[in-house]
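So the structure is just underneath, and the comments pick up after that.
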Amino acid sequence: MFETIKNCFKVKEIRKKIFITLLLLLVFRIGCYIPVPGIDSDTFSEAISNYSFLELMSSITGSSLANATLFALGISPYINASIIIQLLTVGIPALERLSRQGEEGRKKIAQITRYVTIALAIAQAIGIIVNIAINSEESALNLVMFGGGESGLMSETAATWLAGIFLVVVYTAGAMLVMFIGERITEYGVGNGISLVIFVGIISTAGITIVGKFEELFNGDLNALWILIGFFILTILEFTAIVAVDLSERRIPVQYAKQVKGRKMYGGQCTVIPIRIAGGGVMPLIFAFALISFPAMLASLFWPGSGFEQGVTQWFSGSSPYWYGQLIYMVVLCLLIFAFAFFYSSMQFNPEDVSKTIQQNGGFIQGIRPGKPTADYLKKISNRITLFGAIYLSLVAFIPSIISMIVVSLNIADTSLLSVFSTTGILIVVSVALELDKQLQSQLMMKNYKGFLK
């Protein structure tokens with residue numbers, strides 16, 4: 001990978017794309033540190049620590065939510081909007097027709113996704129502000145700034161409403177700006193912009209946590225040394241396993257018959273159809289966690305302290321104090337991962353289309369008749385590989401959580417480092433890095449071909 005990056009900097013066009021990507025990611029990180037006027041970040045951060053869902057959001061946004069900065073909502077509204085639109089595309093005929101209209105249809109679906117993103121960002125901002133900032137024991141809003149209080153221009157209630165509206169507008173604008181940065185990276189830079197934004201958020205959060213542990217170590221806390229050693233060993237093992245599985249694929253050999261056209265002979269070659277074990281990448285995990293966290297999000301944001309929130313925490317939460325609550329959570333999460341894995345597999349690999357293409361080009365799989373038997377064979381292989389891929393994603397999701405539960409039960413150490421790379425974090429980091437390396441290699445190859453043709 002380092003050799004690929006070094007070669008990319010030798011090519012002017014690719015070097016320009018890399019600098020654009022780095023510049024836009026720098027703008028994103030700067031926005032994560034821009035404070036929003038009229039809010040007490042310390043009180044806001046303390047209130048967020050009471051909600052596990054918001055802590056997860058904060059880790060994805062690079063601690064921007066905990067610091068109550070401009071990009072507090074991060075890219076999560078856009079991700080949720082993409083989930084909703086992709087699921088609706090299967091069930092709504094109009095969206096399904098748009099998805100089949102090529103580039104023009106994709107542009108219209110992208111525009112619809114942006115509108116849904118705005119609506120979700122507004123709803124999410126309202127939920128966070130109302131139920132954390134305003135309803136906290138010590139108000140996180142600076143009402144004097146908005147003309148409230150005893151010596152202000154308006155009543156405290158009016159100032160609270162004005163402050164809330166202001167913050168909802170600012171946080172919604174921040175979420176749309178993050179979406180804009182991600183789309184510009186995809187269009188003018190290198191790699192998928194949305195994935196890179198999440199990648200940078202997770203890496204920055206991990207970096208801040210690791211630096212904090214080193215500070216504890218320098219202050220004489222030897223327990224921090226063992227935590228760092230265990231964390232690095234666990235991370236290396238997980239990274240190695242994920243890379244090995246992520247690069248694995250089943251190759252189905254396809255033989256093409258010889259064809260004589262005029263005085264030339266075509267075909268007679270043998271190629272392969274590669275089917276990856278983790279064909280959907282990290283998306284099934286992201287979708288599953290986004291969907292399973294929806295009840296906890298509604299309970300914590302709109303009905304804090306109610307019986308509904310207590311019931312969700314007790315019966316359906318990864319942080320449930322009871323074993324049956326964690327068991328139900330894991331079973332449902334596993335089923336969602338399997339469902340989204342097969343859903344993504346069906347979207348990316350269509351056995352009928354592949355079989356038809358092979359038959360039209362005079363190809364065949366040895367021992368399998370062309371047409372429907374070939375499609376059935378490819379479908380059976382795809383389902384088997386997807387099954388193992390879903391099992392692999394489930395293990396990636398559960399192993400860090402199980403280790404965290406063991407650490408907490410034995411009271412060995414805190415789980416701040418484990419929480420950074422728990423669940424989707426590790427897979428996102430590795431998958432994005434591998435995908436970025438593949439895109440850089442493909443662009444280098446295209447550049448070499450262009451130079452050869454000239």
Side-chain angles (χ1 to χ4, degrees), residues 52-53 55-57 60 76 79-92 120 198 238 241-242 245-246 248 250 275-300 308-351 379-406 418-419 421-428 430-431:
S52 58
F53 172 75
E55 282 188 327
L56 176 62
M57 280 183 56
I60 294 177
S76 59
I79 295 175
N80 294 331
S82 300
I83 295 172
I84 293 173
I85 295 301
Q86 289 195 27
L87 292 178
L88 291 179
T89 301
V90 180
I92 299 180
L120 292 179
I198 301 174
E238 290 178 334
I242 290 173
V245 176
D246 196 83
S248 301
R250 169 73 181 274
I275 304 179
R276 292 176 54 194
I277 293 180
V282 72
M283 295 311 297
L285 267 181
I286 294 178
F287 280 20
F289 275 99
L291 192 59
I292 200 172
S293 62
F294 193 68
M297 179 189 69
L298 292 179
S300 61
F308 176 63
E309 184 190 20
Q310 295 175 4
V312 170
T313 304
Q314 178 178 347
W315 289 94
F316 194 70
S317 173
S319 58
S320 173
Y322 305 101
W323 65 268
Y324 52 81
Q326 297 179 4
L327 179 61
I328 295 174
Y329 176 84
M330 288 185 176
V331 170
V332 175
L333 178 60
C334 184
L335 293 176
L336 288 175
I337 291 174
F338 273 72
F340 281 116
F342 279 94
F343 173 73
Y344 253 84
S345 176
S346 64
M347 290 180 59
Q348 295 180 343
F349 184 78
N350 191 326
K379 185 176 181 180
K380 182 178 68 174
I381 297 297
S382 177
N383 289 338
R384 287 180 179 178
I385 294 178
T386 304
L387 176 63
F388 284 102
I391 295 174
Y392 149 72
L393 291 176
S394 301
L395 291 175
V396 171
F398 292 144
I399 287 177
S401 301
I402 293 172
I403 294 176
S404 178
M405 290 166 55
I406 295 174
L418 288 174
S419 62
F421 279 144
S422 62
T423 60
T424 60
I426 297 175
L427 191 59
I428 290 174
V430 178
S431 299

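Note that the structure is a prediction, hence the values are computed from the model and not measured. Residue numbers run from 1 in the order of the sequence given.
Between the CD1 atom of Ile79 and the CG atom of Leu120 there is a distance of 11.5 Å, given to the nearest 0.5 Å.
Taking all atoms of both residues into account, the shortest heavy-atom contact from Ile385 to Arg250 is CD1-CB, 3.1 Å. Across every non-hydrogen atom of Leu393 and Pro284, the tightest pair is CD1-CB, 3.9 Å.
Not counting sequence neighbours, the partners of Arg384 by the side chain to side chain contact (heavy atoms under 4.5 Å, CB included) test are Lys380. Under the side chain to side chain donor-acceptor pair (under 3.5 Å) criterion, Asn350 pairs with Asp353, not counting sequence neighbours. Annotation: side chain to side chain contact (heavy atoms under 4.5 Å, CB included) contacts of Leu387 (sequence neighbours excluded): Phe338, Phe342, Ile391.
Here the side chain of Ser345 pairs no donor or acceptor atom with the backbone of Ala341 at under 3.5 angstrom.
Annotation: Phe388, atom CZ; neighbour count of heavy atoms from other residues, nucleotides and ligands within 6.0 Å does not exceed 12.
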